Amino acid sequence: MSPRIAQIRLVSSHPEVYEPCDDSFALVDALLADRNNLLEHNPRLCVEVGCGSGYVITSLALMLGPHIPGAYYIATDLNPHAVRVTSETLEAHGVHAELIQTNIASGLEKRLERMVDVMVVNPPYVPTPEDEVGCEGITSAWAGGENGRRVIDRILPIADCLLSDRGWLYMVTLAANDPSQICRQMKKKGYAYRIVIQRSTEEENLHIIKFWRDPDCELDVKTPVTNKTFPERVVESLVSQFPQLSSWRTGGSNS
Amino acid sequence: MRLLTHNMLSSNIKGVSNGFPLRIEVEKVIEKEVDCNPDFLINMFAKIEWKALVDAARTMGYAELPEEAESSMLDSDEFLRKFHHALLELHLEEGALVCPETGRKFPVNKGIPNMLLHEDEV
């Protein structure tokens, strides 16, 4: 039996709330693709930042719920209509998440520090004029400022603060956001990463990237990271998951 | 909003140094039964600020939690049942969370706390 995810006909809506779209589907597909790992990971606390219609957090709760009955879900959005719509979407599917209307995770940072095992984020990643960032209503769902990075760059340090030692972050990025630069930045903070899904639609080239704390990465902080293409870095990240291949990695990085 | 969530929230106003725990003002509490998961409770126990939970539960009309708790109590089914009920089954549906330092109220409507700040509070 294929795992359950949210059904579009049961997803609630509001004119000021972003409807599930290609980016939302790609994120849920990434979670589905990684589902066996997630089940083994057995997360206790899952957080979605920017829950919009609730499609993603509902899908996560549905796909993990029956197997991880104790997991606790928290979803945030700064749009008051979005948290309401998410609440309706969750209820229509018979699952629960705690909802908080807030900016990213404001109010949770102190007490949730190093407690979150899974974090999912579909940030406002569209390059826009700076003054559209954080506007009221639906604009906040996509307006990402210069290179679409304004909100992403605010979320990443917060994710680093909230993720537990075994925490995983799944994030949607657009090619225009310079995902390779995001990965380099996260590597400096001690994260390994992997592209779970890359998808080109008519309008967008999307990457769903998974980050996790990797003790080896922290030791590598001073390794020069310049002059590498994105695919090379992905291979490196994959290799870091399999220490037995590390001699190959050494060979590769000298080439 | 469940009391586990309350136990994880602090006042986020700029300049507030002691924003935890938020005081609860109750307009409406609802109870929803959920399956008890002892592993989750045992794991969460270490992260919970016990006094904040006891006070919050009492404000919500549930006074069965002991004033103090230690991990050895997790062996007791009765303790787990009360801990479970307070942490996960009581919901603040309508009311407010109040910053302990400034008295600023964060409204809770339909079970959703609004922690958004005004411009001069960020």
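A quick note: this is a predicted structure, and the numbers were derived from the prediction, not measured. Chain naming here is simple, since letters A, B, ... match the order of the sequence lines and numbering starts at 1 in each.
Rounding to the nearest 0.5 angstrom, the gap separating the NZ atom in B/Lys47 from the CZ atom in A/Arg114 is 11.0 Å. Between the CG atom of A/Leu112 and the CG atom of B/Asn7 there is a distance of 10.0 Å, given to the nearest 0.5 Å. We find the CD1-CZ distance between A/Ile74 and B/Arg2 to be 10.0 Å, quoted to the nearest 0.5 Å. Note that OH of A/Tyr72 is 14.5 Å distant from CG of B/Asn43, once rounded to the nearest 0.5 Å. Remark: A/Lys110 NZ to B/Leu9 CG distance equals 11.5 Å, nearest 0.5 Å.
When A/Asn103, A/Leu99, A/Leu45, A/Leu78 are compared by the number of non-hydrogen pairs under 4.5 Å with chain B, A/Leu99 comes out ahead. Chain A forms more heavy-atom pairs under 4.5 Å with one residue of B/Leu4, B/Ile13, B/Val34 than with any other, namely B/Leu4.
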- prompt: Run the side chain to side chain contact (heavy atoms under 4.5 Å, CB included) check on B/Phe20 and A/Arg111 step by step: do they pass?
  reply: CA-CA 9 Å; B/Phe20 182 88; A/Arg111 294 277 298 140; 3.6 Å; yes
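Contacts between residues 91-122 of chain B and chain A, defined by a heavy-atom separation under 4.5 Å, are made by B/His91, B/Asn109, B/Lys110, B/Gly111, B/Ile112, B/Pro113, B/Asn114, B/Met115, B/Leu116.
At least one side-chain heavy atom of B/Met8 sits less than 4.5 Å from a side-chain heavy atom of A/Met115.
Within 6.0 Å of CD on A/Glu146 lie no more than 12 heavy atoms contributed by other residues, nucleotides or ligands. Counting heavy atoms of neighbouring residues, nucleotides and ligands inside a 6.0 Å radius, atom CD of A/Gln7 exceeds 12 of them.
Within the structure, ring pair (Phe, Tyr, Trp, His ring centres under 6.0 Å) contacts touching residues 22-43 of chain B (residues at least two apart or in different chains) do not occur.
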